[in-house]
There are 2 protein chains.
Amino acid sequence: MMPDDLDAVFSALAHRDRRRILDLVRNNPGCRVEDLGPHFATSRVAILKHLKVLTKAELIVSEKVGRERLLYFNIMPIQIIYDRWATEFSALWAGPIAQIKYRVEAEAKAKAEAKPRRKRDG
Amino acid sequence: MMPDDLDAVFSALAHRDRRRILDLVRNNPGCRVEDLGPHFATSRVAILKHLKVLTKAELIVSEKVGRERLLYFNIMPIQIIYDRWATEFSALWAGPIAQIKYRVEAEAKAKAEAKPRRKRDG
DNA sequence: GCATCATGTAACCAAAAGGTTACATTTTTC
DNA sequence: GAAAAATGTAACCTTTTGGTTACATGATGC
């Protein structure tokens, strides 16, 4: 997954209604576009736009069956991020107490070395 | 964490430079705003704007020391999402084989029950 | 105390985002 | 075959986003 793809996934998740769409599709695999309508206060076309964003981020895959479009949730983008977070941050979230200790150490270290750096101005 | 906060966090993560800022701050706790400049092709003020977004999402906390501002990474928002994902999706990502099996079952189930729903139009 | 440094705000602009109504197309139903 | 259903596109508009340059302010160094 390329950085641009990460942008797309996080961006897709950055809207409440889109997260709710994902929940609905995940809990109702194969549901249709029109099944989503009653759950939202916005227009059908707004929902179509949200679906387009989710599809581009690969969080939703769909198939056209006659005049209907069946929607499915795709866990892969989220799993990729989840796994990447596990790799990068697992040392940071050992637990509440360990975490506070780490934070304090980080701040002490910062004060000890927060000095000479290269300078540049925009 | 409220849904609006989730919007803010995902939105903050939805920009490549902002993720890179987070990496830099995480690996250099207590670094200053100007330390970030050399790593990016955009202007200093653009970076300040990114920092404002990250701060609002609580992914970065900072303290003013004299004329400098020291930056620290805050793992909490990401940990909250991570834990929530673990709760909601752990059944979905048991493994590649199990996942494919689940997907097939989901699609078969969808075809069997993808029928009567309420209708509404925008 | 003055010049420099580090950060921050203001103003501007183009592009993107998020919504709307109107129109179009294909498939299904009767 | 005509009407209804389901989806999709186009056009429009307001707001937000992401960038820029210019200006401002307080702290630091000499």
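The sequence lines fix the lettering, A, B, ..., with proteins before strands; numbering per chain opens at 1.
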Send over the distance from A:Leu51 CG to C:dG19 P, rounded to a whole Å.
12 Å
Output the rounded distance in Å from CD1 (A:Ile21) to P (C:dG18).
11 Å
Using a cut-off of under 3.5 Å, enumerate the N/O to N/O pairs linking the protein to nucleotides 15-17 of chain D.
none

Applying salt bridge (charged side-chain N to carboxylate O under 4.0 Å, His left out), name anything that partners A:Asp17, two or more places apart in sequence or on another chain.
A:Arg20
Which residue, A:His50 or A:Lys64, contacts DNA chain C at a nucleotide closer to its 5' end, judged by nearest heavy atom?
A:His50
Rounded to whole Å, how long is the line connecting atom CG of A:Leu48 with atom C1' of C:dA17?
16 Å
Integer-rounded Å distance: D:dA6 P and A:Glu63 CD:
17 Å
For A:Phe40 and C:dT20, give me the distance from atom CZ to atom P, rounded to whole Å.
13 Å
Do you know the tightest heavy-atom contact between B:Leu54 and B:Ala12?
CD2-CB, 4.0 Å
Going by heavy atoms in the side chains, are A:Lys52 and A:Ile60 under 4.5 Å from each other?
no
Taking the side chain as every heavy atom from C-beta outward, state whether B:Leu71 and B:Glu63 have any pair of such atoms under 4.5 Å apart.
no
Which heavy atom of B:Leu36 sits nearest a heavy atom of B:Cys31, and at what distance?
CD2-SG, 4.4 Å
Closest listed nucleotide, where the reference is the side chain of B:Glu34 and the choices are D:dG8, C:dT28, C:dT7:
C:dT7
When the ring centroid of A:Tyr82 is compared with that of B:Tyr82, is the distance short of 6.0 Å?
yes
Any carboxylate oxygen within less than 4.0 angstrom of a Lys/Arg side-chain nitrogen, looking at B:Glu88 and A:Arg26?
yes
Is it the case that D:dG8 (base atoms only) and A:Arg44 (side chain only) share a donor and an acceptor within less than 3.5 Å, ignoring hydrogens and angles?
yes
Quick one: closest heavy-atom pair of B:Ala14 and A:Ser11, and the distance?
CB-N, 3.5 Å
Would you call the rings of B:His50 and B:His15 parallel, tilted or perpendicular, taking 30° and 60° as the class edges?
tilted
Would you say A:His15 places a side-chain N or O within less than 4.0 Å of OP1 or OP2 belonging to C:dG19?
yes
Round to the nearest Å and state the distance from A:Arg69 atom CZ to C:dT25 atom C1'.
14 Å
Between P on C:dA16 and NZ on A:Lys52, what's the gap in Å once rounded to a whole number?
13 Å
Presence of A:Ser43 side-chain N/O under 4.0 Å of C:dT20 phosphate oxygens OP1/OP2
yes
Listing time: all N or O pairs from protein to nucleotides 10-14 of chain D that are below 3.5 Å?
none

Distance in angstrom units between B:Arg20 CZ and D:dG18 P, rounded
16 Å
Is a donor-acceptor contact shorter than 3.5 angstrom present between the side chain of B:Arg67 and the base of C:dA6?
no
